Amino acid sequence: MKLFLAASMFVAVAALVAGPARADDPIVIKFSHVVAPDTPKGKGADKFKELAEKYTNGKVRIEVYPNSQLYKDKEEVEALQLGAVQMLAPSLAKFGPLGAKEFEVFDLPYIVPDKAALRRVTDGALGKSLFQKLESKGITGLAYWDNGFKIMSANKPLRLPADFQGLKMRIQSSKVLEAQFKALGAQPQVMAFSDVYQAMQTGVVDGSENTPSNMWSQKHFEVQKYATLSNHGYIGYAVIVNKKFWDGLPADIRSQLDKAMVEATAYANDLSQKENDDALAAMKASGKITFIELTPEQTAAWRKALEPVATEMTARIGKETIDAFRQATAGGN
Ligand code: LMR
């Protein structure tokens with residue numbers, strides 16, 4: 001992968017050596033992401049492309065690269081910082097390894113009560129202050145996009161915390177998700193999103209957590225026997241750009257792109273629920289995986305087992321961030 005990064009940088013440098021772009025050449029924005037086009041993030045990216053090209057009258061060309069075509073997970077953030085791509089929408093879990101640990105608040109089990117409450121975080125003071133933490137890393141945050149709530153899949157039924165004992169569960173690279181699975185007695189394994197299907201197929205992992213739209217579009221349901229509709233956590237994204245690139249854009253172009261982003265965000269967040277509902281229905285109809293609904297008692301047992309995670313992670317995420325999150329979701333700001 002490092003090789004690929006080096007190759008991309010070489011191409012970027014070679015382009016510079018080849019001479020300055022002609023004045024009427026469009027500004028190219030490479031928008032790389034790891035999910036399928038037919039997902040909330042994939043559709044959001046495509047909508048942004050459509051609107052951005054329209055509002056700038058073709059002065060900007062957006063090249064969308066889905067499905068980890070260019071980079072896997074954390075490598076895509078490095079590529080953005082290096083300027084090999086200009087725009088990404090990594091899941092919020094992926095900012096911890098960058099040193100922006102406060103973002104891991106979104107990964108705490110059961111911390112997001114519903115989307116309306118979440119919106120008060122992302123549209124409010126906390127959402128803004130989280131984006132400010134990215135500036136020193138050469139990144140500008142533009143918008144928060146939803147995927148949805150996570151369900152838990154494995155090759156055995158997961159009804160109670162004891163069912164997780166010893167299972168190898170794939171996680172994104174987040175200390176909170178690591179603590180979550182340890183609290184359940186499982187063995188968390190960090191793995192890039194694009195490697196999960198094969199790891200499930202070959203038994204490298206026993207299971208994972210993800211949203212229905214990701215499980216459907218990556219075909220996880222074909223290689224997992226059960227999924228529990230636990231909705232125990234949330235996956236969302238921060239749409240980010242290379243700060244130097246963004247600040248260097250002509251102001252009129254940037255304002256048209258901002259407008260396109262506002263509209264693409266509304267579009268993506270409006271369709272995310274339906275995308276996940278449809279994905280769940282499609283997986284049910286496939287007959288390849290059995291879905292489990294938890295009883296209120298079982299949900300209570302999951303909540304109890306996962307309760308210590310927030311306390312354990314307070315020093316890492318920061319008490320202020322967790323308190324601000326809870327206050328905003330409870331209705332304050
Ligand atoms: C994952 O890595 O499991 C997902 O969050 C990927 C994504 O971008 O939705």
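Heavy-atom basis, side chains included; hydrogens, waters and symmetry copies ignored. None of the values given here were measured: they were computed from a predicted structure. In each ligand, atom 1 is the first atom listed, and ligand 1 is the first ligand listed.
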Practice problem: Would you check, one step at a time, whether the test salt bridge (charged side-chain N to carboxylate O under 4.0 Å, His left out) holds for R254 with D247? | Solution: CA-CA 8 Å; R254 201 170 44 236; D247 291 348; 5.1 Å; no

Quiz item: So, E50 and K54, do they make that salt bridge, N to O below 4.0 Å?
Solution: no

Exercise. Anything with a heavy atom under 4.0 Å from ligand 1 counts, so go ahead and list those protein residues by chain and number.
Key: V34, V35, K41, S91, K94, R170, Q172, F193, N210, N214, I235, Y237

Quiz prompt | Sole candidate of D206, N210, L177 that passes side-chain contact (heavy atoms from CB on, under 4.5 Å) when paired with R170 | solution = N210

Residues 88-103, side-chain donor-acceptor partners within the protein, below 3.5 Å, at least two apart:
unit_1, atom_1, unit_2, atom_2, d
S91, OG, Q172, OE1, 2.5
K94, NZ, Q172, OE1, 3.1

Quiz item: Among all residues two or more places apart in sequence or in another chain, which pass the side-chain contact (heavy atoms from CB on, under 4.5 Å) test with S255?
Solution: none

Exercise. Please collect all side chain to side chain donor-acceptor pair (under 3.5 Å) contacts where either partner lies in residues 307-316, sequence neighbours excluded, each pair once.
Key: E104-R316

